[in-house]
Amino acid sequence: MYHLSTYFLSLSVFFLLSRRSSDMDRSNQSSVSEFLLLGLSEKLDQQPLLFGIFLAMYLVTVVGNMLIILAIRFDLHLHTPMYFFLSNLSFADACFSTTTVPKMLVNIQTHSQTIPYGECLAQMHFFMTFGALDDFLLGVMAYDRFVAICRPLHYPTVMSPLVCVLLLAACWIFTNLAALLHTLLMARLSFCASNTIHHFFCDILPLLQLSCSETSTNQIALFLVCSMILTGPLSLIILSYARIITTILRVPSASGRQKAFSTCGSHLTVVFLFYGTAIGVYLYPPSSHLGEKEKVAAVFYTVVTPMLNPFVYSLRNSDMKTALRGLFGINTLSSQGL
């Protein structure tokens, strides 16, 4: 309930302020009532294939992340800080993909490329909120693992339930404020020329390229906020895992080291896949952006990474496997000899 109340509060503030801004200054009101999303490919023969692939990936993402949330919710052994943050990451991943993929699937199925102006801004707002939330949760989870492995005696105090709630609240508040800032800055721009977006969702960079207003303020704010959102958690992840790896090397058991390195390696693969593509899109100079490369990078951090997270963070974990079996009653059936 806290997540939803914070989220809808920020959305309500956005609509109230944007409406007031449009009433006070009609000169900045957009003359464009809708945009055209060209999608990943304009070739008609590729549309059925794209629809099938992205529908399957979206279903795996949503079902996988929802199963993780349910398993953690109903297994008392998983009511720990690590799984508390994992359940929130799963929620953010499911919502992150939901902001972009369903609209793309509807456009392919209906052969319509239009998206209303208000819906486009709302999609951009939700996309930035859950994308930034993913960033911060990955950083917090890396810090949680650092404390658990490198400072085990202090773990109950450092990662107490109150601290976990405060960390989660800080992630939600900062990401909502960052998304609200960019949405309000975008709402003040005018779109009086082309309304064609060469992307499969309403991202901030393609919209800035379409605007016929002065966008220097938006670009500066985008660079500063994205620098904090992307490089801040990434630095925390790198530092945390560097200390974790140093600690693992001191483990006398070769099998223990191998298991730990396998887990860390899979986690870091997904982290760098997400951050590498996102940084390549949002922190490079605008002149270096290539349309097709930008679309491919966006597919990785909006669709592929949220789909992989359930497998990397959960299905490779024995505790999660046990919880999932318990969720489906497999253990009960086995114990009854069925």
Side-chain angles (χ1 to χ4, degrees), residues 2-22 30 35 37 88-103 115-140 167-189 191 197 199-211 213 215 217-234 274-275 277-279 281-283 294 297-298 301-303 305-306:
Y2 171 78
H3 298 164
L4 295 178
S5 62
T6 304
Y7 192 55
F8 286 117
L9 176 61
S10 67
L11 184 60
S12 300
V13 172
F14 154 60
F15 280 118
L16 288 173
L17 292 179
S18 60
R19 182 178 180 86
R20 181 180 179 185
S21 176
S22 62
S30 172
F35 294 99
L37 293 172
N88 281 276
L89 178 68
S90 297
F91 175 78
D93 280 336
C95 293
F96 190 38
S97 290
T98 301
T99 60
T100 58
V101 178
K103 179 60 179 177
I115 181 171
Y117 173 81
E119 184 179 335
C120 185
L121 287 188
Q123 186 184 56
M124 186 194 76
H125 177 84
F126 293 167
F127 171 79
M128 296 193 69
T129 298
F130 290 112
L133 185 60
D134 247 11
D135 292 344
F136 280 97
L137 286 175
L138 288 172
V140 171
L167 286 173
L168 179 63
C171 293
W172 273 93
I173 291 172
F174 186 83
T175 54
N176 273 273
L177 290 177
L180 185 62
L181 169 65
H182 287 297
T183 308
L184 291 175
L185 288 175
M186 185 64 68
R188 57 183 280 275
L189 300 180
F191 299 88
I197 300 176
H199 217 325
F200 63 93
F201 67 97
C202 289
D203 199 4
I204 187 170
L205 287 172
L207 286 173
L208 289 178
Q209 293 172 357
L210 290 180
S211 176
S213 302
T215 62
T217 302
N218 298 67
Q219 292 174 357
I220 293 173
L222 177 65
F223 179 80
L224 293 176
V225 173
C226 286
S227 296
M228 290 186 291
I229 290 176
L230 292 173
T231 61
L234 180 58
F274 179 87
Y275 280 98
T277 52
I279 289 174
V281 170
Y282 293 103
L283 295 186
E294 188 176 326
Y301 64 77
T302 60
V303 183
T305 303

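Treat the numbers as computed from the prediction; the structure is a model and nothing was measured.
- What you find for His125 and Thr183 is that their closest heavy atoms are ND1-OG1, 3.0 Å.
- For Asp135 against Tyr275, the heavy-atom pair with the smallest separation is O-OH, 2.9 Å.
- Counting heavy atoms from C-beta outward, Thr98 and Phe126 have side chains that stay 4.5 Å or more apart.
- Between Leu133 atom CG and Phe174 atom CZ the span is 12.0 Å, to the nearest 0.5 Å.
- Side-chain contact between Ser97 and Thr302 is absent, with no heavy-atom pair separated by less than 4.5 Å.
- Note that CG of Leu181 and CG of Asn176 are 12.5 Å apart. Values are rounded to the nearest 0.5 Å.
- Between Leu207 and Cys120 the shortest side-chain heavy-atom distance falls below 4.5 Å.
- In this structure, Phe191 has its ring center closer than 6.0 angstrom to the ring center of Phe35.
- Between Trp172 and Phe91, the ring planes are tilted. Angles from 30° to 60° get that label.
- Under the side-chain contact (heavy atoms from CB on, under 4.5 Å) rule, Ile204 has a single partner from Leu185, Asn218, Leu222, which is Leu222.
- When every heavy atom of Thr100 is checked against every heavy atom of Phe201, the shortest pair comes out as CG2-CG, 3.6 Å.
- When all heavy atoms of Pro206 and His199 are compared, the pair lying nearest together is CG-CD2, 3.7 Å.
- A donor-acceptor pair under 3.5 Å is absent between the side-chain atoms of Tyr301 and the main chain of Gly131, judged by distance alone.
- Formation of a donor-acceptor pair under 3.5 Å by the Ser211 side chain with backbone atoms of Leu208 is not found in this model.
- To the nearest 0.5 Å, the span separating SG on Cys171 from CG on Leu137 amounts to 5.0 Å.
- Taking CE of Met124 as the start and CD of Glu119 as the end, the distance is 13.5 Å to the nearest 0.5 Å.
- Side-chain contact check for Leu167 versus Phe136: every heavy-atom pair is 4.5 Å or farther apart.
- The two residues Cys202 and Ile197 make their nearest non-hydrogen contact at SG-CD1, 4.0 Å.
- Going from atom CG of Asp134 over to atom OG1 of Thr305 covers 8.5 Å, rounded to the nearest 0.5 Å.
- Taking OG1 from Thr175 and CG from Leu180, the interatomic distance works out to 11.0 Å, rounded to the nearest 0.5 Å.
- Among all heavy-atom pairs drawn from Met186 and Leu121, the shortest one is CG-CD2, 3.5 Å.
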